[in-house]
Amino acid sequence: MNYISTRGQTDKVSFKDAVMMGLAVDGGLLLPESVPSVKDRLDELSKLTYKELAYEIISLFATDIPENDLKRLIDSSYSTFETDEVAPVVKKGNVYIQELFHGPTFAFKDVALQLLGNFFEYILKERGEQLNIIGATSGDTGSAAIYGVRGKENINIFILHPKGRVSRVQEMQMTSVTDANVYNLAIDGTFDDAQDIVKAAFGDIEYKKEYKLGAVNSINWARVLAQIVYYFYGYFQAQKQGAKNIRFIVPTGNFGNIFAGYFAKQMGLPMDKLVLATNENNILARFINDGDYSTKKVVQTYSPSMDIQIASNFERYLYFLYNKDSEVLRKKMHELKDTGKISFSNAEMEKVRSEFATYSASNKQTENTIQTFFRDNDYILDPHTACGVAGAKAMADADYVCLSTAHPAKFPDVVEKATGKPPVKPDGIERLETLDKKCADIENNLQAVKDYVADNV
Ligand SMILES: *Cc1c(COP(=O)(O)O)cnc(C)c1O
């Protein structure tokens, strides 16, 4: 399987090259050049364990990795999860909750980043190359990325976080990783400052080349690929528990998670519509309801990992919406850059609404949903998952599988507010307080970060 760019101005690349490249050189996003169908194999696939299923799906795309190597990479990626099921489905009341938070950092990003870290190590070793990952985080991505590459050969990771502005659990999850290849930098500034520094470092082509900089952002195809697997698994598990007309409802920020669902559907998973759940940052909901894709100011909510206005994976969906016409897509992406919005025709919106529905939850609804779901089912939702469950409850016109993207103990404040008591911490979070920490304070400027990286690679 080869990979093309949504913008159509890059040569085809192999899977391994696509993983190492992240973003296509023409500024587009990479996609497989065709969509493999498993429509005739659903019965067989439904009987597999998570790891077996992951192999069957991923091997359709990672065609340049030999069978035994791929099996080993998948096995070691998901052996770090606290259950062999990896992404189990539990039925609570009339909602199916697919728990994606059983990985090392208790958030769904582990499903993708455990695999991506192993792919990086494998490819770098084969090529005799080195990679220095630099990223900025406001919370979950940083810790999941660190756990994805800790202790791996030929990789260093530098994660900038705004000092004192990430949650205590998130900070400890990052700084308690003391492996020699992991560098936490607490920057004296905001998340935007940290992100600007990272962007500027990548923008310095000479520096980027000399220090072999790489990224782990959500646009890497391998991340989407890892996520396709759990839609299949979740569908089959819900079906076994009696679900019929299955809709997935997905707490969404960057459109990465839900795009994986869209792709699973294109591969032949017979799900009904995908439902996109957002918080008060509702650009994607406005798009689906009103055809209005225009950026607004980001507001802070109880579900910070969805406090996003530009959905970086959205371009992959637009490519399909525009019937794989890269020229139209390029025009639209320029329109977005120049005017802050994209407009859609009625025909396009009809197509969008045949594929997606949406629900936006306010902070109040998020809190109420955590409260009533706990009262009725004795089950604690995290605030991201609660946005999805709020939608499932409000719509109630199908069997909903709600993707649960984080463990509630990562967001104890709103959970305590809603339920009257703090969530019980799993051992992996409880233990964080007692561990040694590794973190350097750093000035809020590009040169300081560049010097730090240069001194440590
Ligand atoms: C990242 C994240 C999301 C949003 O996922 P996208 O792929 O950006 O849509 C939702 N919930 C949690 C807990 C996250 O960490």
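Owing to the predicted nature of the structure, the values given are computational and were not obtained by experimental measurement. For ligands, and for the atoms within them, numbers begin at 1 and follow the listed sequence. In what follows, residues are counted from 1 in the order of the sequence shown.
- Residue T252 approaches ligand 1 through these ligand atoms, each under 4.0 Å from one of its heavy atoms: 9 (O).
- The pair D84-K51 does not count as a salt bridge, with every side-chain nitrogen at least 4.0 angstrom from each carboxylate oxygen.
- Using a 4.0 Å cut-off to heavy atoms of G256, the atoms of ligand 1 that qualify are 7 (O), 9 (O).
- Looking at every heavy atom in both residues, S77 comes nearest to N118 through OG-ND2, 2.9 Å.
- Between F320 and Y262, the ring center distance clears the sub-6.0 Å criterion.
- Proximity of F108 to ligand 1 is established by a heavy-atom distance of less than 4.0 Å.
- No donor-acceptor contact under 3.5 angstrom links the side chains of Y302 and E280, judged on distance only.
- Residue pairs meeting the ring pair (Phe, Tyr, Trp, His ring centres under 6.0 Å) criterion with at least one partner in residues 363-386, sequence neighbours excluded, are H384-F411.
- Considering only non-hydrogen protein atoms, atom 4 (C) of ligand 1 sits nearest to G253 N, 3.7 Å.
- For the atom pair S76 OG and Q114 CD, the distance stands at 8.5 Å (nearest 0.5 Å).
- For atom 11 (N) of ligand 1, the closest non-hydrogen atom of the protein is T405 OG1, 2.9 Å.
- For ligand 1 and D140, the ligand atoms under 4.0 Å from any heavy atom of the residue are 13 (C), 14 (C), 15 (O).
- If you check which protein heavy atom lies closest to atom 8 (O) of ligand 1, you get N254 N, 2.7 Å.
- Distances below 4.0 Å separate heavy atoms of A406 from the following atoms of ligand 1: 13 (C).
- Heavy atoms only, all atoms of each residue included: I155 and E121 are closest at CD1-N, 4.0 Å.
- Taking the ring pair (Phe, Tyr, Trp, His ring centres under 6.0 Å) definition, one finds that H407 meets it with F101, F106, sequence neighbours left out.
- Taking a cut-off of under 4.0 Å to the non-hydrogen atoms of F255, the atoms of ligand 1 that pass are 9 (O).
- Protein heavy atom in closest approach to atom 7 (O) of ligand 1: N257 N, 3.1 Å.
- Among protein heavy atoms, atom 1 (C) of ligand 1 sits closest to K109 NZ, 1.4 Å.
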